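Below: the structure, in structure tokens.
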2 protein chains.
Amino acid sequence: MAENIVQRLRDEIENGIVTNQFAPGDRLDEMQLAKHFGVSRTPIREALMQLGAIGLIEMRPRRGAVVVEPGPHRIYEMFEVMAELEGMAGSLAARRHTDTDRTGLLAAHARCEHSANADDADTYYYDNELFHHAIYTASHSSFLIEQCTALHRRLRPYRRLQLRVRNRMKTSFSEHGGIVEAILSGEAELARTLLRQHIAVQGDRFSDLVATLSQREAHSG
Amino acid sequence: MAENIVQRLRDEIENGIVTNQFAPGDRLDEMQLAKHFGVSRTPIREALMQLGAIGLIEMRPRRGAVVVEPGPHRIYEMFEVMAELEGMAGSLAARRHTDTDRTGLLAAHARCEHSANADDADTYYYDNELFHHAIYTASHSSFLIEQCTALHRRLRPYRRLQLRVRNRMKTSFSEHGGIVEAILSGEAELARTLLRQHIAVQGDRFSDLVATLSQREAHSG
DNA sequence: ATTCTCATTCTTGCATACAAGAATATTGAC
DNA sequence: GTCAATATTCTTGTATGCAAGAATGAGAAT
């Protein structure tokens, strides 16, 4: 586990950003972080560079790293791309899924049903991730799986915000039902369309997103 | 100019990989590279990590970095995703393009026409990049532009291989015509479909790809 | 009082040093 | 002669040191 120091640091700092411990605009001081985590600056720097590559922070030359605030429009764009990629995954899954995929998808769906009925947002949030991963897996495109996973990860904090919106959890789950059916019955284009709509931040959902974002802003400041 | 040694190194090494100077499977020795570029190991390491993040090399813990050989299937998957993203860009471009975008797209198209008629593969390769970038730009989604640019860059070497296939250049250019028309006339779904087909490695083109790949293999080995 | 300039300080960027794990070679035993 | 075990070497991973650029504050001039 000695090698994973950088990975650990990356995850810890990423988590700090996601949980708003490091607010957007904050400067991430290498020495401060190094002292805080009890390591030297070298692994901290590497972790920061990785976060920079992901896009979570911006690294200004000779001026340190700052936490990026994507802004509503940027977040909208990211969801837009995510919707397309998930739609693609769904389409491929409909055509390529095996019995194992089918089992995995149904299992994830069942878990979502459970947590949605229990009205447990935190568990649903997690089970929802499993559900989407099950779709990625069923696409049988390792590259697509990686792309989807990366973007999914990047959008994690905003997904969590969205679940706070009234009734979003139940709506989300009911949409899952149609998606599962489309995939398992092999209707590729239907699966694509449903997933696209499931992910996309359209109409009211965009104003909801902006609202929850500014709420969070007020909270942290 | 003194600022970004790391960026320079990253580009140089990436170029070395793309031009098969560093063949797939080669181990990239940090000290060797450091000596070769006249710098210390630190910036080399950072550059390698960035290449690892892009996916050009694989970094095995405590065992160094090796150049990744994607393999035909993997490359196929990447083109598959690229096709979808370009289709999306085309669809958005059809709906959102401005007069400036229109001018840029037509200019790029004209350049392609010129180099295709001159049968100049190298120039066409470059102009083709401009053409696709013009489409990305017209999508007016900064995030999508970034994603497309990154993947396009990643696929650059294989794109170049594909142009070597007989008549591919002329075919490519004639497909561009339909794409331009669809975008400028605002036919979003048509633009999406045409771009998807333009990029996708389907049918014969896959075996062509495999063939050119193994040719290159023989050359380097 | 405000602003501009210069000096100090602080942080990043690169280099070097040190430690630890993996690869390799050598030696011994069967 | 071959295989295995151990020692050596070699490379990566982490820490620290040093130099250069940027931020900051003080002082002077308007």
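Fair warning: this is a prediction, and the values are worked out from it, not measured in the lab.
Looking at which nucleotide of DNA chain C each of Glu46(B) and Gln32(A) is closest to, the 5′-most match is held by Gln32(A).
Near-neighbour residues of DNA chain D inside residues 37-45 of chain B, defined by a heavy atom below 4.0 Å, number-ordered: Arg41(B), Arg45(B). Using a 4.0 Å cutoff on non-hydrogen atoms, no part of residues 9-16 of chain B comes near DNA chain D.
Between Leu48(A) atom CG and dT14(D) atom C1' the separation is 16 Å, expressed in whole Å.
Judged as a ring pair (Phe, Tyr, Trp, His ring centres under 6.0 Å), the pairs with a partner in residues 73-103 of chain B (not counting sequence neighbours) are, in order, Tyr76(B)-Phe206(B). For residues 93-106 of chain B, the pairs satisfying salt bridge (Lys or Arg N to Asp or Glu O under 4.0 Å) are Glu80(A)-Arg96(B), with sequence neighbours left out. Residue pairs meeting the salt bridge (Lys or Arg N to Asp or Glu O under 4.0 Å) criterion with at least one partner in residues 31-57 of chain B, sequence neighbours excluded, are Arg45(A)-Glu46(B), Glu46(A)-Arg45(B), Glu30(B)-Arg41(B), Glu30(B)-Arg45(B).
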Let me check something: any side-chain donor-acceptor pairs from residues 51-61 of chain A under 3.5 Å, sequence neighbours excluded? List them with distances.
from, atom 1, to, atom 2, distance (Å)
Arg60(A), NH2, Arg63(A), O, 3.3

Cut-off 3.5 Å, no hydrogens considered: what does the side-chain donor-acceptor table look like for residues 144-153 of chain A, sequence neighbours left out?
from, atom 1, to, atom 2, distance (Å)
Glu146(A), OE1, Arg74(B), NH2, 2.9
Glu146(A), OE2, Arg74(B), NH1, 3.0
Glu146(A), OE2, Arg74(B), NH2, 3.3
Thr149(A), OG1, Ile145(A), O, 2.6
His152(A), ND1, Tyr136(A), OH, 2.9
His152(A), ND1, Arg159(A), NH2, 3.2
Arg153(A), NE, Glu14(A), OE1, 3.4
Arg153(A), NE, Glu14(A), OE2, 3.3
Arg153(A), NH2, Asp11(A), OD1, 3.2
Arg153(A), NH2, Glu14(A), OE1, 3.0

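Take Phe143(B) and apply the ring-ring contact (aromatic ring centres under 6.0 Å, His included) test, not counting sequence neighbours, and it matches no residue. For the side chain to side chain donor-acceptor pair (under 3.5 Å) test, no residue two or more places apart in sequence or in another chain qualifies with Asn15(A). Take Phe22(A) and apply the ring-ring contact (aromatic ring centres under 6.0 Å, His included) test, not counting sequence neighbours, and it matches no residue.
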With 3.5 Å as the limit, what N/O pairs link the protein to nucleotides 22-24 of chain C?
from, atom 1, to, atom 2, distance (Å)
dA23(C), OP1, Arg63(B), NE, 2.4
dA23(C), OP1, Arg63(B), NH2, 3.0

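Within the 3.5 Å criterion, the main-chain N or O of Thr123(A) finds a donor-acceptor partner in the side chain of Asp120(A). Using modelled atom types, no side-chain atom of Asn20(A) and backbone atom of Ala23(A) make a donor-acceptor pair closer than 3.5 Å.
Where pairing requires Watson-Crick or G-U contacts shorter than 3.5 Å, the helical stems of DNA chain D with at least three consecutive pairs are C:1-30 with D:1-30.
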